[in-house]
Every structure is written in C-alpha cells, then in structure tokens.
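Notes follow once the structure below has been shown.
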There are 2 protein chains.
Amino acid sequence: MRRATVYDVAEEAGVSIATVSFAYRHPGRVKDTTRAKVLSAARKLNYVPSASARGLARGRTGVLGLYSFDLLLEHPLGQPQEFREEDEEDEPDLRAYPLYVDEVQRGFELACWHRGQAVLLSSATASAKGETVTDIAGRVDGLALFSWSGKLSTLESLAKTIPIVMLSQSGGDLPVLYLSVDNQTGMTEMVDHLVEVHGVRNMAFVGSQEYPEVRERFEIMCSRLSQRGLIAPESAIDEGFDSPQSFASLQKTVAEGRLPDALVCANDQTALGVLDALRELDVKVPDDVVVVGVDGILAGRFASPPLTTIQLHMEQLGRVAADQLAQRDGRPWSEPKTMTVSARLRVRQSCGCNPTKQRTRSL
Amino acid sequence: MRRATVYDVAEEAGVSIATVSFAYRHPGRVKDTTRAKVLSAARKLNYVPSASARGLARGRTGVLGLYSFDLLLEHPLGQPQEFREEDEEDEPDLRAYPLYVDEVQRGFELACWHRGQAVLLSSATASAKGETVTDIAGRVDGLALFSWSGKLSTLESLAKTIPIVMLSQSGGDLPVLYLSVDNQTGMTEMVDHLVEVHGVRNMAFVGSQEYPEVRERFEIMCSRLSQRGLIAPESAIDEGFDSPQSFASLQKTVAEGRLPDALVCANDQTALGVLDALRELDVKVPDDVVVVGVDGILAGRFASPPLTTIQLHMEQLGRVAADQLAQRDGRPWSEPKTMTVSARLRVRQSCGCNPTKQRTRSL
DNA sequence: CTGAAAGCGCTAACAA
DNA sequence: TTGTTAGCGCTTTCAG
C-alpha cells in the first residue's frame with residue numbers, strides 16, 4: 001500500500017491539502033473541529049509526513065549534522081559484519097571507546113535533543129575519503145566537522161552554503177566557526193604544576209607533529225618553559241605511540257640514559273602508549289619519570305598509574321557547536337569566527353601526586 | 001546569495017538539468033567531457049545537491065534512524081546550556097556514560113558508516129514524550145527504537161510505513177523486527193555458575209518489574225532454579241535502585257537476617273545500586289552475599305568488587321539492527337519477526353570468583 | 001477559517 | 001549521449 005500523503009488525508013477528511021498542512025504546522029489557524037477531523041483521518045490512513053517534501057518546500061531540513069573522520073571507525077570495527085566471539089578474559093578495549101570524539105558527539109546530541117532537534121551523523125570512510133561530506137551537507141541546516149583532511153575547496157564551497165563548525169581547529173580564514181579547546185591555559189597550568197610541585201626541570205614532549213593541534217601544544221609548553229627561565233626542548237619526540245614499534249626512539253633515549261624528568265604527551269592515547277613502553281623498559285612512573293597527557297579520556301583514569309592530564313571539556317565542545325549552529329538557522333557565517341572551550345589540569349598519580357581517594361560508593 | 005541548484009549548474013555548463021543529475025547519479029551514462037564540464041560548473045557555483053529534493057523525487061532518503069528514550073538525556077544534561085565548572089576531584093560519572101544504549105548506538109553507527117550511510121539520531125524528550133517519533137520516521141528509510149513507552153497506535157502506523165526494529169523487546173505481534181538479547185542462555189549460565197561453583201541455594205532477584213525484559217529475566221531464573229530442583233523465590237525484590245531511598249526493602253531484609261546467598265540483579269545499574277546499599281549496611285560482597293548483574297556496562301568492570309555479569313553484546317545488537325533495516329530498503333516488514341543476539345557470562349569478583357589478572361599493559 | 005495554485009530542487013521515463 | 005517533461009509531497013502566499 002502506498003504511503004499516505006496530504007492528498008489522501010485531505011480527501012478522507014473532506015478538506016483541502018492546505019488545511020491538512022495547517023492542522024500540523026499552524027494549529028492556531030484551523031478550527032478545532034477541523035483539526036480533529038484531519039488528525040483522525042491521518043491516524044486512520046497511517047499518515048507519516050514526508051520530511052523530504054517539507055524540507056524542499058521550506059528550504060530547511062531542521063537537522064544538524066556531525067561529520068567524523070574514520071579513525072574511530074577502522075580500528076574497533078574489526079571484521080565488519082561478522083561477530084567474533086570474545087574470550088572470557090578479553091574485556092572490550094577502553095582505548096578504543098569511549099574516546100574524545102565520542103564525548104564531543106555526545107555533547108552535540110544532548111544539545112540537539114534538548115532543543116528537540118534531530119542529529120545526522122556521518123563519517124568519512126577509508127574508501128570515500130571526505131567525498132561524502134557534500135552529501136551530508138545537503139541534508140542539514142548546519143554541520144560540525146572533525147579535523148578536515150579533504151580538499152580545502154570542498155570546504156570552501158560548503159562554508160558558503162551552510163554554517164560550518166570546525167572542531168578542535170584553532171583558527172583559519174574560512175568563513176566558519178573554529179571551535180577549539182583552550183590549550184593555552186591547560187598547557188600552562190600543566191607546565192607550572194610539573195615545575196612547581198614536582199620540581200621538573202627537564203621536560204620533553206611526545207606527539208606526532210603532523211597535527212596542528214599537537215604542534216600548538218608543544219609550542220605553548222616551550223614558551224611557558226622559557227618564560228619561567230627553563231630550557232625548552234629543541235624538538236618534540238615525534239611519535240604517536242599508537243603502534244607497538246613506535247617506541248624505538250624512546251627505547252634509545254632510555255638506553256642512553258637521557259631520560260628527562262617528565263614526558264608531556266600530546267594526548268592521553270599517546271601517554272598510554274608511553275606508559276606501556278616504559279613498563280616494558282622497566283622504567284617506573286612516576287618515580288623514574290613523570291608522564292602526563294592531554295584529553296582526559298576514560299582510559300587514562302583507569303590506567304596504572306592513573307594519568308595526570310589536561311581535562312578537555314569535550315562534551316561542552318559538542319554542545320557549543322550544536323548551539324551555535326542552531327542559532328545560525330541555516331545562514332552560513334560570512335567571516336571566520338573563533339571560540340574556545342575551557343581546559344583544566346586534572347591531577348592524578350602519573351605526575352607523582354597522590355590524590356587521596358575515599359570511596360563512598362562502589363565506584 | 002541563493003544556493004545553487006541543478007538549473008544554475010546546467011546553465012553554467014551549457015547542458016540540461018537531466019545531464020547534471022546524470023553526471024552525479026549515473027556517471028557512466030554521460031560523456032566524460034560533459035561530466036567534467038558539469039563538475040567544474042558545480043564547483044564554481046558551490047553546488048551542494050539538496051537531499052530533500054532528491055529524497056522527494058526518489059521516494060527514499062538513504063538514511064537510517066535510531067530513536068532513544070530520554071533516560072540518558074535527563075540526568076547527565078544537568079543545567080542544560082550552562083557550563084558547570086567541576087571540582088577537581090569530581091570525575092565524570094561512569095554510571096551515566098557510557099551505558100548500554102550508547103553501545104547499541106555505536107554498533108548502529110558503525111554498521112551504517114561501513115555501508116557509507118548516514119544515521120539520524122533523535123530522542124523522546126520529557127516534554128514531547130514520543131511525539132517526535134513520527135517526525136523522525138518521515139525522514140528515514142528505516143527506524144530502530146529503544147523501548148517504546150508511547151502509544152501503540154503510533155507504532156502501528158509507523159510499522160506500516162517503514163521498517164521498524166524494536167530493540168531489546170523480546171516479542172510482540174506488530175509487523176516489526178523484535179531484536180533482543182538471548183536472556184535465556186545468559187540467565188541459565190548465570191544460575192548454573194552460582195549454583196555449581198558457589199553453592200548458592202537461596203537466590204533472590206532484584207529489579208523493577210515494570211519492564212517486560214526484567215520480568216523475563218526473573219522468570220528464566222526461576223524456571224532454571226526449579227529445573228535444578230531448587231526453590232525459586234516467589235517474587236522479585238521490586239526495586240530499580242536508581243534512587244537512594246529505594247533500598248528500604250533491602251535494608252529491612254538485612255535487618256531481619258533474611259539475606260539470601262545471592263542477589264541477582266536485573267541489570268548492572270541496579271547491581272551497582274545494590275552494592276552501594278550493601279556497603280552502607282556493612283554487608284560484605286561477595287563474602288556475606290553474592291551480587292551479580294546483567295549488561296556488562298563499563299561501570300561494572302570498575303566497581304568494587306568488579307561485577308560478575310551477563311555480558312550482552314550491545315554493539316552487535318545495534319549492528320544487526322542497522323543491517324536488517326538496510327536490507328529492507330524502505331519496505332516495512334509484513335509480519336512480526338524475531339532475532340536474538342548472544343549473551344554470555346562474564347565472571348569477575350562480585351560472585352566470589354577471583355579471576356587472575358595479569359596486566360601486561362597499563363590498562 | 002479554508003481553498004486554489006504556484007513553486008521548492010531533483011529524478012527518471014520517454015523522446016530525440 | 002543528451003534534452004523535455006511530469007511528477008515527488010509539502011508549504012505558503014493570496015483569494016475568497
């Protein structure tokens with residue numbers, strides 16, 4: 001049976017299609033009895049209004065979009081469709097989920113739902129790298145993007161069509177909202193804490209320099225160090241520590257006895273990798289060397305030792321993105337705009353602190 | 001500046017609108033040079049095809065939807081728009097996120113993304129309880145629903161319009177796919193484990209009987225107990241343990257010295273509540289009483305003691321839902337269908353077992 | 001308060 | 001290989 005349309009409902013109710021539409025969209029402008037007739041006809045025919053048609057007529061979809069990259073997609077998916085029976089012992093990997101992207105997404109969703117708005121989620125896939133973004137852009141009134149690795153021209157086009165938020169991107173000159181985290185405050189607090197509380201003098205930075213965000217953190221660290229009259233490292237240890245073999249240079253450093261006082265990692269995932277590597281090399285954290293991260297992902301909290309980190313308020317980031325997009329109501333920004341979300345030091349034990357923990361609950 | 005349309009692109013490229021459409025949708029049926037002309041015109045005009053128009057013309061949106069209830073929405077949202085500075089000590093609440101819903105959602109997303117399909121997320125809100133579901137149904141080619149508390153008639157209408165998956169609902173007679181977890185196997189394994197390994201004779205069940213899924217688990221437990229020649233409890237302890245005051249009856253039980261050997265909880269969240277309550281009453285787990293749950297949420301893994309549970313493969317659930325919906329390609333099911341996803345016992349320490357844990361990594 | 005009618009931007013026969 | 005054209009289902013002036 002064909003899906004019921006306004007025409008069917010109008011006929012069943014004995015009114016015009018305009019009245020059917022009004023009954024839903026402008027209830028005040030229709031007599032109550034008429035409205036009742038319409039609604040009852042609709043129910044009888046299982047009428048479900050087509051959002052496509054409405055969107056077309058109104059020039060607005062009422063949906064906000066969030067576009068991710070596929071980092072998170074590839075790894076945990078494993079064998080895509082098939083179900084792999086897990087060992088009893090093999091707990092799901094905290095390092096795969098939830099990550100900071102998931103928290104941003106959650107904030108985005110919460111903000112939209114609170115407004116009664118739907119969220120469209122999409123993701124670049126390894127095959128169609130960034131191709132699908134235009135497709136999703138055509139479906140929404142506003143779009144938030146995680147780090148963009150596709151063509152700049154694609155982005156430019158989109159930015160002229162709908163409002164775009166670039167997440168975790170500290171700035172640029174496209175007419176979009178660059179929404180990032182306050183690396184400045186966070187990294188500064190971290191350096192100060194390590195220097196003042198733990199007497200760190202010799203601070204190294206670990207992180208893949210490929211990402212602008214990572215480079216920014218490194219630079220902030222160096223400049224704060226200089227400000228305090230300490231020597232900043234010439235360069236970062238350029239490793240992401242996402243693969244087991246990436247700890248070669250660290251191994252070398254240890255072997256040569258040039259381990260610094262502290263290893264500041266560009267993010268928690270890197271820090272966890274470093275923690276693993278150090279354990280294998282029999283280096284004690286925090287006794288032999290201090291290790292800290294940035295992000296505040298869950299896995300860091302349960303690492304051993306629990307990871308001192310800069311807690312980014314990712315959920316807040318997602319929420320702001322959604323709220324800002326909603327405000328634009330489909331109108332693209334006409335010039336670059338920048339906003340920042342706070343980040344604060346969260347002291348746990350990998351820096352040498354020993355926060356007292358009294359558990360009053362089982363968690 | 002108005003958004004560019006097929007007409008604009010066609011004019012710019014000196015072709016007809018059909019050719020523009022073909023250039024995108026049926027690249028093979030257009031001469032390469034023509035296609036190039038079209039694409040270049042499109043780029044020049046920042047053309048972003050309207051999904052509304054396409055959806056209308058095709059009678060299909062290409063999007064799959066997932067509709068949640070607002071349980072997860074209300075609590076963690078707190079003061080909606082405002083940002084509340086958290087105490088240093090105040091870590092995000094593991095009991096609020098991630099929960100099993102989040103894992104299902106993740107599976108749903110992964111399956112869709114893998115197929116290059118977008119996902120539309122929406123949620124009932126306290127104000128518009130289940131009203132919005134029809135709206136979202138009009139936007140998608142298939143919809144998965146978490147436990148439905150709205151009007152049955154609404155659901156019936158939807159089920160005649162698009163394919164619907166009911167998640168965690170063990171069966172019914174609507175023409176939808178009821179997709180649930182294999183409670184039978186899981187609960188049976190649990191009962192057997194407690195009886196055989198821990199010598200439990202006197203087993204109680206805790207959980208709010210309001211939910212069908214919970215009642216089902218209780219019944220399975222009872223019948224397995226009977227099968228084994230043990231006495232099944234007459235009734236469950238009908239508490240959700242989501243509010244602090246809900247432990248009154250448990251308190252009474254303890255006071256009267258009628259604590260059973262084991263408290264089997266309808267889900268992990270309840271179990272965590274029970275753990276808290278017992279701690280307050282100074283009852284030791286697992287020494288004085290065994291406590292187990294169902295779900296396998298993250299919080300249970302980090303509870304103290306770590307919670308023995310039935311691990312539901314929620315991600316798998318979401319994945320199957322998405323795959324099944326995609327297969328239907330917009331055609332509703334014509335009769336009820338049922339599928340089940342596996343669930344297995346995950347032994348940790350709250351049952352009295354003491355799984356050896358050797359950490360080779362920091363996590 | 002209700003109806004007639006003109007699009008909204010795109011797809012897919014069908015023709016050429 | 002490309003163009004013409006008739007919808008897809010809904011919203012929204014503008015008349016009545």
Side-chain angles (χ1 to χ4, degrees), chain A residues 1-39 41-42 45-63 134-135 137-141 161-162 330, chain B residues 1-39 41-42 45-63 134-135 137-141 161-162 330:
Chain A
M1 197 184 67
R2 226 183 76 271
R3 258 165 85 146
T5 71
V6 266
Y7 298 98
D8 305 317
V9 176
E11 190 178 344
E12 175 74 29
V15 299
S16 75
I17 60 164
T19 302
V20 174
S21 179
F22 281 151
Y24 282 95
R25 308 303 156 204
H26 308 283
R29 296 170 63 169
V30 174
K31 219 199 296 176
D32 272 0
T33 57
T34 315
R35 187 169 133 82
K37 265 194 305 187
V38 169
L39 293 184
L45 300 176
N46 302 316
Y47 174 58
V48 177
S50 152
S52 294
R54 185 178 344 134
L56 181 55
R58 289 225 270 224
R60 198 124 301 171
T61 65
V63 174
T134 306
D135 175 87
R139 301 173 178 279
V140 297
D141 295 338
T161 309
I162 52 169
Chain B
M1 197 182 68
R2 226 182 77 269
R3 260 165 84 144
T5 71
V6 265
Y7 297 98
D8 304 318
V9 176
E11 189 178 344
E12 175 75 28
V15 298
S16 77
I17 61 165
T19 302
V20 174
S21 180
F22 278 157
Y24 283 95
R25 308 305 154 203
H26 308 282
R29 297 169 64 169
V30 174
K31 217 198 296 175
D32 273 0
T33 56
T34 315
R35 187 170 134 82
K37 265 194 304 187
V38 170
L39 293 183
L45 300 176
N46 302 315
Y47 174 59
V48 176
S50 151
S52 294
R54 181 175 350 131
L56 180 56
R58 289 226 270 224
R60 200 122 300 171
T61 65
V63 174
T134 305
D135 175 87
R139 302 173 178 278
V140 297
D141 295 338
T161 310
I162 52 170

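Note that this is a predicted model, so its numbers are computed, not measured. Scope of the values below: all heavy atoms of this structure, side chains included, with no hydrogens, waters or symmetry mates. Lettering of chains follows the sequences in order, A, B, ..., and the numbering in each one begins at 1.
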Next on the checklist: salt bridge (charged side-chain N to carboxylate O under 4.0 Å, His left out) for A:Asp135 and B:Arg54? Distances and angles first, verdict last.
Outcome noted: CA-CA 11 Å; A:Asp135 175 87; B:Arg54 181 175 350 131; 3.3 Å; yes

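Shortest non-hydrogen contact noted between A:Leu45 and A:Ala4 is O-CB, 3.5 Å.
Pairs engaging residues 27-38 of chain B under the side chain to side chain donor-acceptor pair (under 3.5 Å) rule: none recorded [sequence neighbours left out].
Between A:Tyr47 and B:Thr161 there is no side-chain heavy-atom pair separated by less than 4.5 Å. A 4.5 Å side-chain heavy-atom check between B:Thr134 and A:Pro49 finds at least one atom pair inside the cut-off.
At distances below 3.5 Å, not a single donor-acceptor pair connects side-chain atoms of A:Thr61 with backbone N or O atoms of A:Gly55. For the pair B:Arg3 (side chain) and A:Gly59 (backbone), a donor-acceptor distance under 3.5 Å is absent.
By the 6.0 Å contact criterion, CD on A:Glu11 is open, its count of non-hydrogen atoms from other residues, nucleotides or ligands being 12 or less.
Atom CZ in A:Arg35 sits about 13 Å away from atom P in C:dC1, given to the nearest Å.
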Item to check | Contact letters for nucleotides 8-16 of chain C, in which S counts primed atoms plus P, OP1 and OP2 and B counts the base, heavy atoms under 4.0 Å | outcome: BBBBB----

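Rounded to 10 degrees, the angle separating the terminal helix axes of the helix from C:dC1-D:dG16 to C:dA16-D:dT1, each built from five base pairs, is 30°.
Put simply, B:Thr19 has a side-chain N or O that comes within less than 4.0 Å of OP1 or OP2 on D:dG3.
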